[in-house]
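Below is one structure, written out as structure tokens, with a few remarks after it.
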Amino acid sequence: MTRIDSTFAKLKDQGRRAFVSYIMAGDPDVETSLALMKGLPAAGVDIIELGLPFTDPMADGPTIQEAGQRALAGGMTLQKTLDMVAAFREDDDTTPIVLMGYYNPIYSRGVDRFLDDAKAAGIDGLIIVDLPPEEDDELCIPAGAAGLNFIRLATPTTDDKRLPAVLMNTSGFVYYVSITGITGAAAAQAADVAPEVARIQKAANLPVIVGFGIRTPETAREIAGVADGCVVGSAIVAEMAKGKPVDEVLAFVASLAEGAHSA
């Protein structure tokens, strides 16, 4: 079992929903983002999604795009992101880390080398948003063979005909995108999400975590209540963009986690 599998098993035993947080590696700098990352578990985060900065983040809204640009401007790279994970692992060997990003930096490094390095650094799973199921031989299947979960996105437009292909080699959990469009756009609605989550759970036999459009503890509770948990990204990144101290951002994260865990 991966750390992701173990975390969901523990949460199921406890009757709790998962709270997943996204942050951008290197935003606004390595030191600050590492301090934030290290504080997330104590703030109630069950799984950390760590964004890999990329120059053309097509699925991301302005908030996360700008975070990636700040990180890149500060010299953040794939290697420094892996180094950041390794530094986190010096103090925390239990919290799962999912690397979320795009395929180009991985392809440039070489898949085999990347998987070896990611595993050694302490990454547990991958969300690579621009690799469709038709390209599973590129990274998804090798990642599974290396012991990493490959987590796929399902969306409101993923119909029953498409869903089996999306789920075929998915492991760890399914990330359900609650809205059509980019991150940080419209607010998620539990009434719209609930039937879609139930449909995917039935087909996948995996936890379904809902992301996009969750900005408040109240929405986190509502969405987690109809799924196996929720993800918050843009709202957290936006707090960092305001230049708030890490402790203040972590207090905000804790409020979101409490909302999800109270579902």
Side-chain angles (χ1 to χ4, degrees), residues 1-14 16-22 45-52 59 81-82 85 89 92-103 105-107 111-155 158-178 193 196-212 224 227-231 233:
M1 293 178 72
T2 66
R3 292 185 185 93
I4 296 170
D5 300 326
S6 297
T7 294
F8 279 112
K10 180 182 70 175
L11 289 168
K12 185 176 180 179
D13 288 344
Q14 296 171 346
R16 300 171 71 210
R17 304 299 203 272
F19 179 67
V20 184
S21 70
Y22 171 99
V45 172
D46 298 300
I47 298 173
I48 297 170
E49 281 184 15
L50 185 64
L52 176 62
T81 302
L82 296 176
V85 173
R89 285 283 175 235
D92 187 319
D93 194 43
T94 57
T95 305
I97 299 172
V98 176
L99 188 69
M100 186 171 186
Y102 298 83
Y103 185 46
I106 295 169
Y107 177 80
V111 168
D112 291 343
R113 180 186 171 198
F114 166 76
L115 291 173
D116 287 345
D117 293 346
K119 187 75 175 175
I123 289 171
D124 304 288
L126 303 173
I127 300 175
I128 307 301
V129 299
D130 57 345
L131 275 182
E134 289 75 14
E135 305 295 336
D136 274 0
D137 288 341
E138 286 283 328
L139 180 62
C140 175
I141 291 173
L148 297 174
N149 291 124
F150 197 91
I151 297 144
R152 190 80 70 190
L153 303 181
T155 74
T158 306
D159 60 18
D160 289 339
K161 183 178 180 181
R162 180 62 173 168
L163 187 58
V166 170
L167 299 177
M168 183 176 298
N169 294 307
T170 297
S171 63
F173 62 92
V174 179
Y175 188 133
Y176 179 68
V177 176
S178 65
V193 167
E196 291 299 298
V197 168
R199 179 174 68 96
I200 296 167
Q201 286 173 326
K202 183 177 180 181
N205 196 28
L206 285 170
V208 179
I209 305 300
V210 178
F212 287 45
D228 296 295
C230 67
V231 184

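Only heavy atoms go into these numbers, but all of them, side chains included; no hydrogens, no water, no symmetry mates.
Ile151 is listed as a side-chain neighbour of Ile4, based on a closest heavy-atom distance under 4.5 Å. Within the 4.5 Å cutoff, no side-chain heavy atoms of Tyr22 are placed close to those of Ile127. Counting heavy atoms from C-beta on, the side chains of Tyr102 and Tyr107 never come closer than 4.5 Å. Counting only heavy atoms from C-beta outward, the side chains of Cys140 and Met168 never approach each other to under 4.5 Å. Considering only heavy atoms from C-beta on, Leu115 comes within 4.5 Å of Leu126 through its side chain. With contacts defined as side-chain heavy-atom distances shorter than 4.5 Å, the pair Leu82/Ile123 qualifies. A 4.5 Å side-chain heavy-atom check between Ile97 and Arg89 finds at least one atom pair inside the cut-off. When side chains are defined from C-beta on, Tyr103 counts as touching Val111, because their heavy atoms get closer than 4.5 Å.
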- Task: Please report the C-alpha distance between Leu148 and Lys119 in whole Å, then the side-chain angles of each, then the deciding distance to 0.1 Å, and finally whether the side-chain contact (heavy atoms from CB on, under 4.5 Å) criterion is met.
- Result: CA-CA 7 Å; Leu148 297 174; Lys119 187 75 175 175; 4.0 Å; yes
- Query: Would Asp46 and Arg17 count as a salt bridge (charged side-chain N to carboxylate O under 4.0 Å, His left out) if you check the C-alpha gap in whole Å, the side-chain angles of each, and the deciding distance to 0.1 Å?
  - Reply: CA-CA 9 Å; Asp46 298 300; Arg17 304 299 203 272; over 6 Å; no
- Tell me, with the steps shown, if Val208 and Glu196 meet side-chain contact (heavy atoms from CB on, under 4.5 Å). CA-CA 10 Å; Val208 179; Glu196 291 299 298; over 6 Å; no
- Message: Pair Phe150, Asn169 - check side-chain contact (heavy atoms from CB on, under 4.5 Å), show working.
- Response: CA-CA 7 Å; Phe150 197 91; Asn169 294 307; over 6 Å; no
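Across all their heavy atoms, Ala121 and Val85 have their closest contact at O-CG1, 3.4 Å. Here the shortest heavy-atom pairing between Thr7 and Thr94 reads OG1-O, 4.4 Å. Smallest separation of non-hydrogen atoms from Ala227 and Val197: CA-CG1, 3.8 Å.
Between the CD1 atom of Ile200 and the OH atom of Tyr176 there is a distance of 6.0 Å, given to the nearest 0.5 Å. Note that CG of Asp5 is 5.0 Å distant from CG of Asn149, once rounded to the nearest 0.5 Å. For the atom pair OH (Tyr175) and SG (Cys230), the distance works out to 10.0 Å, reported to the nearest 0.5 Å. From Asp130, atom CG reaches atom CG of Leu153 across 10.5 Å, with rounding to the nearest 0.5 Å. We find the CD1-CZ distance between Ile47 and Phe8 to be 4.0 Å, quoted to the nearest 0.5 Å. Interatomic distance, Arg152 CZ to Leu206 CG, rounded to the nearest 0.5 Å: 12.5 Å.
Salt bridge annotation for Asp93-Arg3: present, with a cationic side-chain nitrogen under 4.0 angstrom from a carboxylate oxygen.
Applying the side chain to side chain contact (heavy atoms under 4.5 Å, CB included) test to Thr95 and every residue at least two apart in sequence or in another chain returns Pro41, Ile48, Phe88, Asp92. The side chain to side chain contact (heavy atoms under 4.5 Å, CB included) search around Ala120 returns none, not counting sequence neighbours.
The salt bridge (Lys or Arg N to Asp or Glu O under 4.0 Å) contacts involving residues 160-170 comprise Glu134-Arg162, Asp160-Arg199, where partners must be two or more places apart or lie in separate chains.
Around the CG atom of Asp13, the shell of radius 6.0 Å holds more than 12 heavy atoms that belong to other residues, nucleotides or ligands. At most 12 heavy atoms of other shown residues, nucleotides or ligands fall within 6.0 angstrom of atom CG in Asn205.
Applying the side chain to side chain donor-acceptor pair (under 3.5 Å) test between Gln14 and each of Lys10, Arg16, Lys12 identifies Arg16 as the sole match.
Between the side chain of Thr155 and the backbone N or O of Val177 there is no donor-acceptor pair closer than 3.5 Å.
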